[in-house]
Amino acid sequence: MKKLPKFFYQQNTRKVAQALLGHFLCRKINGQIYRGIITETEAYCGPQDRASHASRGITKRTEVMFGPAGRVYVYLIYGMYYCFNIVTEREGYPSAVLIRSCQPIKTYKKIIPVGPGKLCQAFRIDKKLSGVSLASNKIWVAKSRLKIKPKDISKAKRVGVDYAGVYRNKEWRYFYNESNLVSRSK
DNA sequence: CAAATGATAGGC
DNA sequence: CCTATCATTTGT
């Protein structure tokens with residue numbers, strides 16, 4: 001299975017967030033490859049987006065968001081869960097896609113990685129992975145032949161960003177209609 | 001609805 | 001240094 005190329009991630013963040021639906025999140029742990037079909041994403045778009053960590057400028061934590069596209073941004077949230085993001089667009093323009101849910105295949109018969117925190121547990125994603133390239137052999141996204149049409153994608157407000165001023169109402173959360181595996185229905 | 005739980009960012 | 005906050009999840 002072929003990795004998505006770097007230029008895929010250099011596109012507009014909301015476009016990437018939608019285009020990622022249906023592709024395979026792949027993670028290699030101890031020689032074993034784990035996969036899930038991406039079913040739910042959120043876009044965090046540029047320095048103006050007050051919902052984004054990058055809106056308060058570059059810090060040690062968020063510097064990877066300011067870097068080149070196709071790298072991993074992981075952070076600890078609420079002291080107990082990690083969130084997994086993919087950096088998008090051009091260097092210097094901080095933006096990323098949060099991967100919220102996956103549809104389990106093969107290895108994940110029991111673990112249902114719904115919700116960003118659970119997904120990171122299932123894929124053993126932690127802060128050590130932040131900054132790693134998706135061109136690496138640790139974690140990547142592989143192209144699926146599944147064709148998802150615009151009508152198959154639902155849009156909704158992002159979760160947990162009520163503090164974000166006018167940006168809290170942006171419908172920059174996307175999920176695949178045919179999957180029941182999303183963290184919230186609406 | 002509230003608790004769990006700790007890094008982070010911003011204030012002093 | 002100090003502490004309010006947080007792109008979550010689970011249980012009451």
Side-chain angles (χ1 to χ4, degrees), chain A residues 9 11-21 23 25 27 34 36-67 69-89 93-104 108 110-132 134 139 141 153-176 179-186:
Chain A
Y9 303 107
Q11 304 175 88
N12 172 276
T13 306
R14 295 188 288 280
K15 180 177 175 176
V16 175
Q18 293 170 80
L20 277 170
L21 297 174
H23 289 302
L25 176 61
R27 172 85 166 110
Y34 299 83
I37 298 170
I38 297 170
T39 55
E40 182 186 4
T41 60
E42 280 178 4
Y44 289 83
C45 311
Q48 310 302 322
D49 181 2
R50 290 218 6 236
S52 170
H53 294 159
S55 66
R56 291 197 271 241
I58 189 163
T59 68
K60 183 74 180 173
R61 178 176 66 153
T62 61
E63 62 182 349
V64 61
M65 287 186 75
F66 290 77
R71 296 217 285 225
V72 171
Y73 169 48
V74 181
Y75 62 88
L76 180 71
I77 186 68
Y78 300 109
M80 57 185 86
Y81 296 103
Y82 291 101
C83 287
F84 168 67
N85 301 255
I86 296 173
V87 176
T88 57
E89 303 206 33
Y93 186 81
S95 46
V97 173
L98 172 67
I99 308 300
R100 289 191 62 90
S101 298
C102 274
Q103 175 178 317
Y108 291 124
K110 292 180 181 172
I111 310 167
I112 312 290
V114 166
K118 302 297 290 181
L119 183 146
C120 283
Q121 283 180 353
F123 283 89
R124 307 272 191 277
I125 292 169
D126 66 17
K127 228 172 52 177
K128 291 195 293 290
L129 226 49
S130 201
V132 168
L134 289 179
I139 189 163
V141 180
I153 299 175
S154 292
K155 299 176 176 61
K157 289 177 187 174
R158 294 174 293 179
V159 176
V161 297
D162 286 348
Y163 57 85
V166 297
Y167 284 89
R168 76 184 196 165
N169 293 318
K170 301 287 185 187
E171 297 203 312
W172 289 349
R173 171 171 166 246
Y174 308 99
F175 52 96
Y176 181 35
S179 173
N180 53 348
L181 296 172
V182 296
S183 59
R184 304 187 189 191
S185 50
K186 262 287 179 191

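Chain identifiers are assigned alphabetically (A, B, ...) following the order of the sequence lines, protein sequences preceding nucleic acid strands; residue numbering begins at 1 within each chain.
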Checklist entry - Do you see a donor-acceptor pair shorter than 3.5 Å between the side chains of A:T59 and A:T62? => result yes

Checklist entry - Out of B:dA9, C:dA7, B:dA7, which nucleotide sits closest to the side chain of A:K127? => result B:dA7

Next on the checklist: Under a 3.5 Å threshold, yes or no: a donor from one side chain and an acceptor from the other, between A:S101 and A:T39?
Outcome noted: no

Next on the checklist: Using a 4.0 Å heavy-atom cut-off, does A:G79 contact any base of the nucleic acid, only the sugar-phosphate backbone, or nothing at all?
Outcome noted: base

Checklist entry - Between C:dT5 atom C1' and A:M80 atom CE, what is the distance in whole Å? => result 14 Å

Item to check | Whole-Å gap separating C1' (B:dG6) and OH (A:Y75) | outcome: 15 Å

Checklist entry - Are A:Y44 and the base of C:dA7 stacked, counting only ring centres nearer than 5.5 Å and planes tilted under 30°? => result yes

Checklist entry - To the nearest angstrom, how far is A:F84 atom CZ from C:dT8 atom C1'? => result 17 Å

Checklist entry - With stacking defined as ring centroids separated by under 5.5 Å and planes differing by under 30°, is A:Y78 stacked against C:dT8? => result yes

Checklist entry - Base, sugar-phosphate, or nothing for A:L76, non-hydrogen atoms under 4.0 angstrom? => result sugar-phosphate

Checklist entry - Quick one: do A:E40 and A:R100 make a salt bridge, cutoff under 4.0 Å? => result yes

Checklist entry - Rounded to whole angstroms, how far apart are OH on A:Y73 and P on B:dT8? => result 9 Å

Checklist entry - How close or far is atom P of B:dA4 from atom OH of A:Y82, stated in whole angstroms? => result 20 Å

Next on the checklist: Quick check: closest heavy atoms across A:T88 and A:A96, and the distance to 0.1 Å?
Outcome noted: OG1-N, 3.6 Å

Next on the checklist: Which nucleotide, if any, forms a Watson-Crick or G-U wobble pair with B:dT5, using both distances under 3.5 Å?
Outcome noted: none

Checklist entry - Considering only the P atoms, how many Å lie between C:dC2 and B:dT5, rounded to the nearest integer? => result 23 Å

Next on the checklist: Would you say A:R100 places a side-chain N or O within less than 4.0 Å of OP1 or OP2 belonging to C:dT8?
Outcome noted: yes

Next on the checklist: Could you tell me how far apart A:M65 (CE) and C:dA7 (P) are, to the nearest whole angstrom?
Outcome noted: 11 Å

Item to check | pair A:V64-A:V74: side-chain heavy atoms closer than 4.5 Å | outcome: no

Item to check | Whole angstrom value for the distance that separates C1' of B:dA7 from CD of A:E63 | outcome: 15 Å

Next on the checklist: C:dA7, OP1 or OP2 - any side-chain N/O from A:Y163 closer than 4.0 Å?
Outcome noted: yes

Next on the checklist: Mind checking if A:R61 touches a base, just sugar-phosphate, or nothing, with heavy atoms under 4.0 Å?
Outcome noted: sugar-phosphate

Next on the checklist: Expressed as a whole number of angstroms, how long is the span from A:K118:NZ to C:dT10:C1'?
Outcome noted: 9 Å

Checklist entry - Which is true for A:K60 with a 4.0 Å heavy-atom rule: it touches a base, it touches only sugar-phosphate, or it touches nothing? => result nothing

